[in-house]
S.K.: 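Sharing a structure with you now.
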2 protein chains.
Amino acid sequence: MDTKTLCLGVLTQGDASGYEIKKAFEDGPFGHIQEIGFGSIYPALAQLLREELVTVTQYTQEGRPDKKIYSLTSAGRLLLLDALDEPTEPDKVRSDFLFRMMFAHLLSPSALEVMIDDRMAVLNAAIAGLQQAADDQFAPASETFINGYALAIYRAMADYIEDNRYQLVGASLMPERAVAE
Amino acid sequence: MDTKTLCLGVLTQGDASGYEIKKAFEDGPFGHIQEIGFGSIYPALAQLLREELVTVTQYTQEGRPDKKIYSLTSAGRLLLLDALDEPTEPDKVRSDFLFRMMFAHLLSPSALEVMIDDRMAVLNAAIAGLQQAADDQFAPASETFINGYALAIYRAMADYIEDNRYQLVGASLMPERAVAE
DNA sequence: TATGGTATATATCGTGACGATATATATGGA
DNA sequence: TCCATATATATCGTCACGATATATACCATA
């Protein structure tokens with residue numbers, strides 16, 4: 001799933017600027033699909049424009065920078081549908097947190113506790129935010145599904161970490177004892 | 001977490017070749033942290049060698065290509081410890097599957113069912129594999145923790161999808177009805 | 001028997017993603 | 001007043017990723 005296709009996807013939900021596409025990948029349901037930055041979005045939109053998969057209208061705003069609103073063309077809409085028909089790629093994760101947990105035995109117990117507490121705080125904040133979003137009765141079925149999916153995963157993560165953190169802290173103590181003895 | 005640091009991490013568990021590092025990120029507990037390919041590993045190892053963070057020994061094998069076994073230097077081990085002290089970056093996900101679910105209303109019910117069934121098959125296979133790995137009583141605490149963490153997440157995903165897939169299939173029916181009427 | 005797929009093993013190359021940085025203005029809080 | 005945040009676009013260098021090349025051995029299947 002390249003950035004161009006992701007932009008086409010957001011634009012099916014309505015016209016948007018590059019800045020608004022970025023926000024959709026931060027707050028909205030797209031935020032649970034993946035993150036993308038400006039360094040990917042603006043070149044992608046420029047290329048979509050060259051390929052006539054989107055059109056632009058420039059707006060001059062007072063007190064704000066100019067805004068370029070992009071709209072899907074019918075060719076762009078068709079290309080998205082083609083992309084959805086292609087084989088689904090496996091999910092990809094990248095967890096800096098898990099990498100650190102892999103080396104719990106090289107960390108001091110206090111450093112490890114801080115890492116786990118930080119992670120729990122992030123998870124609990126995400127869970128709280130998603131529980132509020134779950135109250136929206138007028139959201140489309142796909143958004144409700146994705147929010148619930150993310151909520152289920154965050155809860156599973158938080159529950160597992162709370163139930164099993166003692167195992168890691170125990171392991172992190174051992175090398176220190178060995179050094180002390 | 002760049003590829004160089006990831007390679008240093010695997011090498012703390014014992015000397016390894018680039019090929020063996022790749023395998024560690026496919027099968028072992030590192031597989032749940034992130035994926036990396038040869039195109040990232042070999043340049044990273046070459047750079048680590050130049051910076052004297054690892055050393056190499058080349059082995060000639062019979063019936064197999066030559067093998068380059070890399071070992072951590074003390075500078076390499078210290079650099080890994082420094083990296084573990086740096087602030088933990090937030091997890092990153094990239095789900096081609098969720099992207100498709102976001103556009104369930106643009107898919108035929110049969111195409112949607114196939115996508116969900118495929119996803120369930122992948123999840124159930126992963127769950128079955130992890131349940132076997134959970135029986136290993138001699139694995140280090142960190143590996144047991146990570147395997148259990150991955151298992152908890154996969155189970156949460158599978159359970160949620162089974163319980164809520166009907167919502168999406170219902171939504172995918174609607175446009176077809178609209179076209180038919 | 002031949003063919004094709006899988007495993008072992010290293011390496012490169014082009015495309016594209018990512019993070020940092022630049023530019024400009026307005027608002028809100030310390 | 002000063003700094004951070006929000007709005008808005010854009011570029012640039014570095015790094016990651018996927019595809020491809022090369023070479024051999026082994027196993028299954030047609």
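Note on naming: letters A, B, ... go to the chains in the order of the sequence lines (proteins, then strands), and numbering restarts at 1 for each one. The analysis underlying the following values was restricted to heavy atoms, covering all of them including side chains, and did not include hydrogens, waters or symmetry mates.
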S.K.: So does A:K68 get a side-chain nitrogen or oxygen closer than 4.0 Å to the phosphate oxygens (OP1/OP2) of D:dT9?
M.R.: no
S.K.: Taking CE from A:M1 and P from C:dG16, how many angstroms apart are they, rounded to a whole number?
M.R.: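 Going from CE in A:M1 over to P in C:dG16 covers 14 Å.
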S.K.: Once you round it to whole Å, what is the distance between C1' of C:dA20 and NZ of A:K22?
M.R.: 12 Å
S.K.: Does a side-chain N or O of A:S17 approach OP1 or OP2 of D:dT9 to a distance below 4.0 Å, or not?
M.R.: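 A:S17 to D:dT9 OP1/OP2: side-chain N or O found under 4.0 Å.
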S.K.: Pick one: which of B:K92, B:E89, B:R94 meets side-chain contact (heavy atoms from CB on, under 4.5 Å) with A:R94?
M.R.: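 The side-chain contact (heavy atoms from CB on, under 4.5 Å) with A:R94 is passed solely by B:K92 among B:K92, B:E89, B:R94.
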S.K.: Between B:Y42 and A:D2, which has a closest nucleotide on DNA chain C that is more 5'?
M.R.: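 Per heavy-atom nearest nucleotide, the more 5' residue is B:Y42.
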S.K.: Heavy-atom nearest nucleotide on DNA chain C for B:K92 versus B:E20: which residue maps closer to 5'?
M.R.: B:E20
S.K.: Quick one: sort the A:F103 and A:H105 rings into parallel, tilted or perpendicular, breaks at 30° and 60°.
M.R.: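 Judged by the thresholds at 30° and 60°, the geometry between A:F103 and A:H105 is tilted.
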S.K.: Starting at atom CD of B:Q47, determine the distance to atom P of D:dC15, rounded to an integer number of angstrom.
M.R.: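 After rounding, the gap between these two atoms is 6 Å.
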S.K.: Quick one: sort the A:Y160 and B:Y149 rings into parallel, tilted or perpendicular, breaks at 30° and 60°.
M.R.: perpendicular
S.K.: When all nucleic acid strands are considered with a 4.0 Å heavy-atom cut-off, which category describes A:G39: base, sugar-phosphate, or nothing?
M.R.: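 Result for A:G39 = base.
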S.K.: May I ask you to evaluate whether A:T3 reaches the phosphate of C:dA17, defined as a side-chain N or O under 4.0 Å from OP1 or OP2?
M.R.: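 Yes, within the criterion.
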S.K.: Which nucleotide in the list D:dT11, C:dA9, D:dC17 gets nearest to the side chain of B:Y19?
M.R.: C:dA9
S.K.: Of the nucleotides D:dC17, C:dA17, D:dA10, which has the atom closest to the A:S40 side chain?
M.R.: C:dA17
S.K.: Would you indicate, yes or no, if D:dC17 has its OP1 or OP2 atom less than 4.0 angstrom from a side-chain nitrogen or oxygen of A:R94?
M.R.: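 Result: yes.
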S.K.: Can you list the steps and then say if B:D27 with B:K23 is a salt bridge (Lys or Arg N to Asp or Glu O under 4.0 Å)?
M.R.: CA-CA 6 Å; B:D27 314 319; B:K23 278 200 302 182; over 6 Å; no
S.K.: Does any donor atom in the side chain of A:T5 or A:D2 lie under 3.5 Å from an acceptor atom in the other side chain?
M.R.: yes
S.K.: In this structure, how many angstroms lie between the C1' atom of C:dG16 and the CD atom of A:E51, rounded?
M.R.: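 To the nearest whole Å, that distance equals 14 Å.
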S.K.: Quick one: B:I41 CD1 to C:dT8 P, roughly how many Å, whole number?
M.R.: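 Roughly 14 Å, once rounded to whole Å.
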S.K.: What is the separation between atom CD on B:E35 and atom P on C:dA17, rounded to the nearest whole Å?
M.R.: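 Whole-Å distance recorded here is 17 Å.
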S.K.: Quick one: which of C:dT10, D:dT11, D:dT9 gets closest to the side chain of B:K67?
M.R.: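 In terms of side-chain proximity for B:K67, the closest of C:dT10, D:dT11, D:dT9 is C:dT10.
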S.K.: What is the distance from CD1 of A:I36 to C1' of C:dG19, rounded to the nearest Å?
M.R.: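 A:I36 atom CD1 is separated from C:dG19 atom C1' by 14 Å.
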S.K.: Send over the distance from B:F38 CZ to D:dT22 P, rounded to a whole Å.
M.R.: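 Taking atom P of D:dT22 as the reference, CZ of B:F38 is at 17 Å.
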